[in-house]
Amino acid sequence: MAVIGTPTGSIVSMAKSRAEVLARIRQADYVKFLKFSAVSAVSFPFTQVLLLVFTKGLDWSFVKSNLVAVTLMAFPAYAMNRYWVWSKKDKNSLTTEVIPFWVITLIGLALSTICAHYADDWFESDLAVNAANAVGFGIVWVFKFFILDRVMFGGHRHFPVEEDLEAELESAPTP
């Protein structure tokens, strides 16, 4: 480990170069995205099963079934994302985490319901309705990762790299 002196103090550098630092950040982001995908790979099938149970088993309307299924699965999805994907251990914030998560979930619910409604009208097939439901949530899913990562759970980890720090990392002596 090399200590680099600066006019404002010292910086402890554990990396040999800026490229190595950036590679570590990219690797961490990649792992985070894989974990986020794993949460979806768990919650999506459960939501679809609940949807089928409610529509076929309980003979509920699709809208009611979708609302209940999404609501039930939002709780474990929030917990898995917050605690496992982003490793947050502090107190939940109603205004910066819980409410925005529910807003995103409700947007996905609305879009999936609209897509499923049109699929039901056009195809009159349970498979088409479930596929359209998945497409609606899939569209929101892409944006959800970036919102969760950059704003809600991971925002504190994103910062602009200062030019002076970049220069120091480039000139850091190798251990």
Side-chain angles (χ1 to χ4, degrees), residues 21-160:
V21 171
L22 293 176
R24 286 182 185 178
I25 291 169
R26 284 188 191 104
Q27 178 64 25
D29 284 344
Y30 178 71
V31 169
K32 194 175 2 175
F33 184 76
L34 288 178
K35 285 181 171 183
F36 175 74
S37 298
V39 168
S40 297
V42 169
S43 61
F44 174 74
F46 277 103
T47 303
Q48 292 298 305
V49 167
L50 288 173
L51 189 58
L52 287 172
V53 167
F54 297 149
T55 56
K56 298 301 171 198
L58 299 178
D59 200 31
W60 289 359
S61 71
F62 175 79
V63 173
K64 179 180 178 180
S65 299
N66 200 30
L67 177 65
V68 174
V70 169
T71 300
L72 289 174
M73 287 311 302
F75 292 100
Y78 173 84
M80 288 186 287
N81 277 308
R82 186 178 200 282
Y83 298 109
W84 183 55
V85 177
W86 278 273
S87 302
K88 297 242 348 189
K89 306 294 183 217
D90 56 339
K91 186 178 176 187
N92 291 287
S93 170
L94 183 66
T95 56
T96 62
E97 294 176 2
V98 177
I99 291 173
F101 187 87
W102 276 99
V103 167
I104 296 167
T105 300
L106 292 175
I107 290 169
L109 173 66
L111 188 57
S112 70
T113 302
I114 291 166
C115 291
H117 171 74
Y118 283 111
D120 189 38
D121 284 349
W122 292 340
F123 302 107
E124 297 181 11
S125 160
D126 294 339
L127 182 60
V129 170
N130 277 44
N133 177 266
V135 168
F137 269 110
I139 292 168
V140 173
W141 180 84
V142 172
F143 296 105
K144 188 175 192 175
F145 175 78
F146 295 104
I147 292 169
L148 293 179
D149 188 47
R150 302 293 174 163
V151 178
M152 291 173 50
F153 299 138
H156 64 285
R157 295 190 184 147
H158 296 283
F159 53 88

S.K.: Are more than 12 heavy atoms from other residues, nucleotides or ligands located less than 6.0 Å from atom NZ of K89?
M.R.: yes
S.K.: For residues 52-66, which residue pairs qualify under side chain to side chain donor-acceptor pair (under 3.5 Å), counting only residues two or more places apart or in two chains?
M.R.: K56-D126, N66-S112, N66-T113, N66-N133
S.K.: Identify, with sequence neighbours excluded, every residue that meets ring-ring contact (aromatic ring centres under 6.0 Å, His included) alongside F101.
M.R.: Y78
S.K.: Looking only at heavy atoms, which two atoms of P45 and S40 are closest? And how far apart?
M.R.: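 Minimum heavy-atom separation between P45 and S40: CD-O, 3.8 Å.
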S.K.: Side chain to side chain contact (heavy atoms under 4.5 Å, CB included) between F36 and N81: does it pass, once the steps are laid out?
M.R.: CA-CA 7 Å; F36 175 74; N81 277 308; 3.2 Å; yes
S.K.: Please give me the minimum heavy-atom distance between F54 and A69, naming the atom from each residue.
M.R.: CE1-N, 3.9 Å
S.K.: State the OG1-CZ distance between T47 and F137, to the nearest 0.5 angstrom.
M.R.: 7.0 Å
S.K.: Check ring-ring contact (aromatic ring centres under 6.0 Å, His included) between W84 and all other residues, then give those that pass, not counting sequence neighbours.
M.R.: none
S.K.: To the nearest 0.5 Å, what is the distance between OG (S37) and CH2 (W141)?
M.R.: 4.0 Å
S.K.: Return the CG to CG distance between L72 and L50, rounded to the nearest 0.5 Å.
M.R.: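 Result: 6.0 Å between the selected atoms.
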S.K.: Using side chain to side chain donor-acceptor pair (under 3.5 Å) as the criterion, list what pairs up with T105, not counting sequence neighbours.
M.R.: none
S.K.: Can you list everything that forms a side chain to side chain donor-acceptor pair (under 3.5 Å) with Y83? Sequence neighbours excluded, please.
M.R.: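 Once residues adjacent in sequence are excluded, the partners of Y83 under the side chain to side chain donor-acceptor pair (under 3.5 Å) criterion are N92.
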S.K.: Which distance, rounded to the nearest 0.5 Å, do you find between the CZ of F46 and the CG of L51?
M.R.: 14.5 Å
S.K.: Taking only residues two or more places apart in sequence or in another chain, which ones pass ring-ring contact (aromatic ring centres under 6.0 Å, His included) with Y30?
M.R.: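 Y30: no ring-ring contact (aromatic ring centres under 6.0 Å, His included) contacts found.
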S.K.: Can you confirm whether F33 sits close enough to V85 that some side-chain heavy atom of one is under 4.5 Å from a side-chain heavy atom of the other?
M.R.: no
S.K.: Can you give me the closest heavy-atom contact between A119 and A128, atom names plus distance?
M.R.: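 So the minimum-distance heavy-atom pair works out to CB-O, 3.6 Å.
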S.K.: Applying side chain to side chain contact (heavy atoms under 4.5 Å, CB included) to Q48 and L52, what does each step give before you reach the verdict?
M.R.: CA-CA 6 Å; Q48 292 298 305; L52 287 172; 5.7 Å; no
S.K.: Show the nearest heavy-atom pair for residues E97 and K88, with the distance to one decimal.
M.R.: OE2-NZ, 3.1 Å
